[in-house]
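Inspection log for the structure reproduced underneath, given as structure tokens.
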Amino acid sequence: MINIQSLKNRRKKLAQLIDFPIILWSGKAPSRNFRANHYPFRANSHFLYFAGLPLENSAIRLENGNLDLFMDNPHPDSTLWHGETPRREDIALQIGADNEYPMKDLKEQIEGVATVPVQDTFTYQKQREILQRSLCFDEQSEDIDDQLMKAIITLRLVHDEMALTEIKKAVKISVKAHTIAIKSTKKCVTEAQVRAAMESYIMSQNMTCAYNSIVTVNGEVLHNETYNNPLKLGDLLLADVGAETALGWASDITRTWPVNGHFSSSQRDIYDVVLAAHDACIEATKPGVEYREIHLLAAKIMAEGLVNLGILKGDPDTLVEKDAHAIFFPHGIGHLLGLDVHDMEDLGDLAGYQEGRTRSDRFGLKYLRLDRPLKAGMVVTIEPGFYQVPAILNHPKFQEKYYNDVNWDKLKQFSDVRGIRIEDDILVTETGAEILTQNLPTQADEIEEMMS
Ligand code: GLY
Ligand code: MN
């Protein structure tokens, strides 16, 4: 639900951080084969944060906490194709706008305004045309666009009640979608059918997906977006699927389960190592803790577990120092979650990385998307995984570097584990952490029970 007071608070808080006007554009869906056949529209997240509603082809101007809405009323002919749609004055009331104007007036209000570039090229060109300047951002620079981005990050890093209510709504639907998928897998014969079961439930709740679903027996392909494989007894199925509310707030959940309802002993062994890392990381999540340390904790527990299974050899701390764990856990432990699934990644690492910090080029750290001390009100994912990625395991550079750290013969006993990831959405609270996705089981026994 839109909450005008929350929106006004966001606008006021922004005015406390910057002393110049800004314009944010919502964007426009590109056309496909003809002008009126569009790709799905998704409003720009910075626009959504302050405007509240996904209004296509609109802009807002914010100054001193006030919001002016710029959008055109529908053309009279459009009722034939689209029916009656809300008029600008109704929308202005709904979002608590102080004034409302047609789009053509926007160019008279550009003096000294900052903005954030949007993703769609049509609107991006419009932004440049109207503001009559280029729009690149540079982390070192301090022009008004950069100051605006930093101010928006300060606000969006820590969620208010309206945001949390929305994220929890998205989470609830995602939990149910995963539950449906786990329970119906035995009746499905392809990945596509499991995906359909999940997305059809999300759609039935008038939500969309916050990102392209990953539903695959090839869990080692981190962002697999094909669904054509048959489900074979003995396969593990990895589903990374998250709903997004009508107001644009995301959720992001991954579970991995056996197609036939029972983990083999090798699958269960690795699953439990990933789960141990997942549980320890959530346990460690609290204000003040460095997210990078949580990532390194996952690395350590993965290394310990893999040493215990005989897959890695040596001292876990030393293995982590040389990034040997990253052969099997090559990505970061998670990311910020909010209006975007990787929240604010349109700003590069400006949101994910504390000022003054940059990405490491270490194999075990370079895909870490968040490197900040945690604060109450942040929502982050915790998503350790184990993968047998051919591009890593067969690469001469890695084979040579880690020749003595991996028991390559032992690894062959785990050939039925291609990819396992367990991902939950975590709210950092004043005292620790709340697992927003806790209604979806993680224990192997619980998952087998759900499938029986
Ligand atoms: N849900 C996909 C990802 O976090 O990258
Ligand atoms: Mn994620």
Side-chain angles (χ1 to χ4, degrees), residues 42 45 119 156-157 159 167-168 170-171 173-175 177-178 181 191 194-195 198-199 202 207-216 218-227 237-245 248-257 274-275 277-279 281-282 285 291-292 294-295 298-299 302 326 329-349 351-353 359 365-372 374 378-387 389 418-428 433 435-438 440 442:
R42 173 51 163 75
S45 295
Q119 271 80 37
R156 286 184 57 191
L157 272 177
H159 294 302
I167 293 171
K168 287 177 187 175
V171 158
I173 300 311
S174 301
V175 165
H178 279 260
E191 298 166 337
V194 179
R195 175 201 182 198
M198 301 183 87
E199 293 195 7
I202 291 171
M207 293 196 188
T208 53
C209 292
Y211 50 93
N212 292 340
S213 300
I214 301 162
V215 182
T216 182
N218 294 339
E220 79 282 9
V221 182
L222 297 182
H223 282 173
N224 197 330
E225 291 181 5
T226 58
Y227 314 95
L237 182 67
L238 182 154
D240 182 343
V241 177
E244 172 178 306
T245 68
W249 293 85
S251 57
D252 184 8
I253 303 181
T254 310
R255 289 291 183 274
T256 310
W257 62 89
V274 177
L275 186 60
H278 164 276
D279 292 352
C281 289
I282 294 176
T285 300
Y291 193 74
R292 188 179 194 269
I294 293 179
H295 173 77
M302 292 287 300
F329 170 41
H331 61 70
I333 188 64
H335 49 84
L336 293 165
L337 182 73
L339 276 163
D340 306 306
V341 63
H342 292 176
D343 211 25
M344 300 181 275
E345 255 183 24
D346 59 315
L347 307 179
D349 279 340
Y353 275 60
R359 289 236 184 182
L365 282 169
K366 68 179 175 187
Y367 294 118
L368 185 60
R369 299 175 186 277
L370 176 59
D371 185 3
R372 284 182 179 272
L374 295 174
M378 285 181 171
V379 177
V380 297
T381 66
I382 293 291
E383 50 178 310
F386 171 95
Y387 314 89
V389 183
R418 308 182 68 148
I420 291 176
R421 178 161 67 254
I422 308 169
E423 175 177 31
D424 278 310
D425 301 342
I426 313 296
L427 167 66
V428 183
I435 309 172
L436 300 178
T437 39
Q438 67 188 349
L440 188 64
T442 51

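We count ligands from 1, going down the list as the structure has it; atoms in each ligand are counted the same way. Atom set for the values below is all heavy atoms of this structure, side chains included, hydrogens, waters and symmetry mates excluded.
Counting heavy atoms from C-beta on, the side chains of Arg255 and Thr442 come closer than 4.5 Å. Counting only heavy atoms from C-beta outward, the side chains of Thr437 and Val171 approach each other to under 4.5 Å. Using a 4.5 Å cut-off on side-chain heavy atoms (C-beta onward), Ser213 and Glu199 make contact. Side-chain contact between Ile214 and His223 is present, with heavy atoms from C-beta onward closer than 4.5 Å.
Ring centers of His342 and Tyr211: at least 6.0 Å apart, outside the cut-off.
Within the 3.5 Å criterion, the main-chain N or O of Ala243 finds a donor-acceptor partner in the side chain of Ser174. Proximity of a side-chain donor or acceptor of Tyr291 to a complementary backbone N or O of His335 within less than 3.5 Å is detected.
A distance limit of 4.0 angstrom between heavy atoms and ligand 1 selects the residues Tyr211, His223, Asp240, Asp252, His335, His342, Glu383.
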* After noting the C-alpha distance and the side-chain angles of Ser45 and Asp340, does the key distance pass the side-chain hydrogen bond (donor to acceptor under 3.5 Å, both in side chains) rule? -> CA-CA 7 Å; Ser45 295; Asp340 306 306; 2.5 Å; yes

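Using cut-offs of 30° and 60° on the angle between ring planes, the pair His295 and Phe329 is tilted.
For the Mn ion (ligand 2), the nearby protein N/O/S atoms, meaning those under 2.8 Å, are Asp252 OD2, His335 NE2, Glu383 OE2, Glu423 OE2.
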